[in-house]
Amino acid sequence: MAPTPDPPDPDADESSRFGFDDIAHPEFLPDPTLSHAEMESLQRELAATATFADDHGIDPAAVAIDEPADLTDGPPDARQETLPGTDADSDAGDPDAPVVVGLDQAFLTPDDGEDRAVSAAVAIRDGDVIEHASATTPLSIPYIPGLLAFREGEPMLAALDALGVEPDLLVCDGSGRIHFRAAGVATHVGVLLDVPSVGVAKSLLCGVPDEPTDGRPEGWRTPVRADDSVETAVVDGDASGGDTADGDAPAAPVIGHAYQSRQYPNSRRVNPLYVSPGHRVSPATTVDLVEALCAGYKLPEPTRIADAYADAAKRDAS
DNA sequence: GCGACAG
DNA sequence: ATCTTGTCGC
């Protein structure tokens, strides 16, 4: 009945924490036993490895989603693969379109003192959910602003590992380059797997929007630039060292965008999204991709649908 | 010391 | 993120 694999049991084997067979940079695995200082220096090294420029070959139009998923009766079923020779005039999506994977987590209340995360990964191709997977993993550290990847990275990897398809693009909950050390969760996971990724956050961790964001119309966007809390020297594309030829203060680098994905015509009270590159995507393309992935709701469809799966998996777990 | 802080 | 019913407004 279930078109996707059942939740794996990542806690079973101590020796292979992630079991993921395609970790490009195992040295950046989010080891929760590190000290905070060690976590931060790991993030700096990781940021130096990250690419905040386009290196993916994905046309936003090729991943555009027009119809929002109906989540009123729970998450959608994965679309059956069209059988060869069957259904000649298939209305199934383009099998050559890029695979976008949305990731989201839900949390189980610590009944016995053990915090656990339920993470969901949803693979979407040409607007259809082609596969989904979830995993339940123990949470080793509490939420600490700036160190989110060390809390949620393992759950995200576990859900990705349970997925059968290769992602062409990861859409993560939280920031990427909009981060004190340019190493938000989206960047962390993207670099670990060396897969293009973007971060979608509902609030701003750091940086400053070029313009005020209140009451903006749908589709509006403005750059978010680094502020004093953001370390920028290490990152590629920002090697100027802070000096300009004429001695004027250089413009702070763009680290992401505020993007108004949804707005009501008159009330104008929806907050914008804060989107930033994870890995191998530029800030500008990140907004274009997120815009293409939105279908009328505030959150892009991959995130919305992953949300629904995470909630459903959490319900099943309790 | 104070302020700020994704999920 | 999570604890939670109804409710005011698109």
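By convention in this document, chain letters (A, B, ...) are assigned in the order of the sequence lines, proteins followed by strands, and residues within each chain are numbered from 1. Note that the coordinates shown come from a computational prediction; the quantities given were computed from them, not determined experimentally.
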Short question: side chain of A:R280, backbone of A:D55 - any donor-acceptor pair under 3.5 Å? yes
Short side-chain to backbone donor-acceptor contact, A:Q260 and A:V270, under 3.5 Å: yes
State, without any angle test, whether A:R181 and A:Q43 hold a side-chain donor-acceptor pair at a distance under 3.5 Å. yes
Distance-only side-chain donor-acceptor flag, A:H279 / A:D194, under 3.5 Å: yes
How about A:R315: does its CZ atom have over 12 heavy atoms from other parts shown lying under 6.0 Å from it? no
Counting neighbours of CD on A:E38 that are heavy atoms of other residues, nucleotides or ligands and sit closer than 6.0 Å, is the number greater than 12? yes
When hydrophobic residues are tied together by side-chain contacts of less than 4.5 Å, even through go-betweens, does A:V275 share a cluster with A:L204? no
With the 4.5 Å side-chain cut-off for hydrophobic clustering, are A:L34 and A:L148 part of the same group? yes
Axial cation check for A:Y297 ring with A:R262, 6.0 Å and 45° limits: yes
Each nucleotide N or O in nucleotides 1-7 of chain B that has a protein N or O under 3.5 Å away: list the pair and distance.
residue, atom, partner, partner atom, Å
B:dA6, OP2, A:Y143, OH, 2.6
B:dA6, N7, A:G146, N, 3.1
B:dA6, N6, A:G146, O, 3.2
B:dA6, N6, A:L147, N, 3.4
B:dA6, N6, A:L148, N, 3.1
B:dA6, N6, A:H179, NE2, 3.4
B:dA6, N1, A:V185, N, 3.2
B:dA6, N3, A:S175, N, 3.0
B:dG7, OP1, A:K202, N, 2.7
B:dG7, OP2, A:S203, OG, 3.2

Within the structure shown, what part of the strands sits under 4.0 Å from A:A106 by heavy-atom distance: base, sugar-phosphate, or nothing? sugar-phosphate
Please give, in whole Å, the distance from C:dT2 P to A:R116 CZ? 14 Å
For C:dT2 and A:K314 - does any side-chain N or O of the residue sit under 4.0 Å from the phosphate oxygens OP1/OP2? yes
Under 3.5 Å, N/O pairs linking protein and nucleotides 8-10 of chain C:
none

Output field dot_bracket for DNA chain C (Watson-Crick or G-U, both distances under 3.5 Å, | for other-strand pairs) contains ..........
Which label fits A:Y309 and A:H132: parallel for a plane angle under 30°, tilted from 30 to 60°, or perpendicular past 60°? parallel
